[in-house]
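Okay, so here's the structure we're looking at.
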Amino acid sequence: QVQLVESGGGLVQCGGSLRLSCATSGISGSIFSISTMSWYRQAPGKQRELVATITSSGSTHYADSVKGRFTISRDNAKNTVYLQMNSLKPEDTAVYFCKFETFGYWGQGTQVTVSS
């Protein structure tokens, strides 16, 4: 089965940093390397929103709310995508999901809580 497993979430103070990882399995490295990967987040009572995207060529796109603070990257040798989150704010509190955009696969999510 194709699996996306997020890790790295947790409780952090306002202004702190976290690094999320999304490890994929069940697909070849060739497929992963040509795929677009994204991070989404969903806060309680709100719709899921796109946070960041990275294409096969390494081009990145960010939501306005996280520009300058978050960085998405990928390691094709490890079939893994990352989200470096700096200068975290309470409004960043949400469940963060990794998505294999090409096939529409989602991970189960990892909770990020930022305290003020």
Side-chain angles (χ1 to χ4, degrees):
Q1 292 182 324
V2 176
Q3 292 184 324
L4 289 75
V5 180
E6 301 97 331
S7 62
L11 176 64
V12 65
Q13 296 180 51
C14 184
S17 298
L18 286 173
R19 186 188 186 219
L20 306 184
S21 298
C22 174
T24 64
S25 62
I27 47 89
S28 70
S30 296
I31 292 295
F32 179 84
S33 67
I34 64 172
S35 298
T36 295
M37 303 292 294
S38 295
W39 286 97
Y40 291 74
R41 67 186 181 187
Q42 187 167 23
K46 300 183 67 176
Q47 291 190 323
R48 192 169 298 182
E49 64 175 345
L50 177 64
V51 175
T53 294
I54 186 166
T55 69
S56 60
S57 65
S59 296
T60 57
H61 308 270
Y62 299 93
D64 288 342
S65 59
V66 306
K67 285 181 179 177
R69 300 188 298 120
F70 291 9
T71 302
I72 188 171
S73 61
R74 66 194 297 158
D75 186 341
N76 289 339
K78 297 181 178 180
N79 287 2
T80 300
V81 63
Y82 305 94
L83 186 68
Q84 179 66 47
M85 309 165 67
N86 298 327
S87 301
L88 283 162
K89 306 173 181 179
E91 50 262 46
D92 294 318
T93 295
V95 177
Y96 284 72
F97 298 89
C98 181
K99 185 184 180 184
F100 199 130
E101 291 285 5
T102 303
F103 297 100
Y105 293 125
W106 294 89
Q108 293 300 305
T110 185
Q111 177 71 47
V112 172
T113 303
V114 184
S115 64
S116 60

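All residue numbers refer to positions in the sequence shown, counting from 1.
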Which atom pair, heavy atoms only, marks the closest approach of [X] to [Y]?
X	Y	value
L18	G8	CD2-O, 3.7 Å
S17	Q84	CB-NE2, 4.1 Å
Y105	L4	CB-CD1, 3.7 Å
A52	L83	CB-CD1, 4.2 Å
M37	C98	CE-SG, 3.8 Å
A94	A43	CB-N, 3.8 Å

Measure the [atom1]-[atom2] distance between [X] and [Y] for me, rounded to the nearest 0.5 Å.
X	Y	atom1	atom2	result
I54	S73	CD1	OG	6.0 Å
Q1	S25	CD	OG	9.0 Å
H61	S38	NE2	OG	9.0 Å
S56	E101	OG	CD	13.0 Å
S59	I72	OG	CD1	11.5 Å

Mark yes or no for whether [X], through its side chain, and [Y], through its backbone, hold a donor-acceptor pair below 3.5 Å.
X	Y	value
R48	Q42	no
Q108	E6	no
T93	V114	yes
R41	V112	no
T24	N79	yes
Y62	R69	no

Taking the six-membered ring for Trp, is the centroid-to-centroid distance between Y40 and W106 below 6.0 Å? yes
Tell me yes or no: between the side chains of [X] and [Y], is some donor less than 3.5 Å from an acceptor?
X	Y	result
S57	T55	yes
D75	T80	no
S115	Q13	no

Any [X] side-chain heavy atom under 4.5 Å of [Y] side chain:
X	Y	result
Y96	Q111	no
F100	I27	yes
S7	L20	no
W39	C22	yes
T53	T36	yes
P90	C14	yes

Is there a path of hydrophobic side-chain contacts, each under 4.5 Å between heavy atoms, that joins V66 and F97? no
Go through the steps for V2 and F103 under the test side chain to side chain contact (heavy atoms under 4.5 Å, CB included), then give the verdict. CA-CA 10 Å; V2 176; F103 297 100; over 6 Å; no
State whether Y82 and R19 meet the cation-pi test: NZ (Lys) or CZ (Arg) under 6.0 Å from the six-membered ring centroid, and within 45° of the perpendicular axis. yes
Using salt bridge (charged side-chain N to carboxylate O under 4.0 Å, His left out), reason through K67 and D64 one step at a time and then give a plain yes or no. CA-CA 5 Å; K67 285 181 179 177; D64 288 342; 3.0 Å; yes
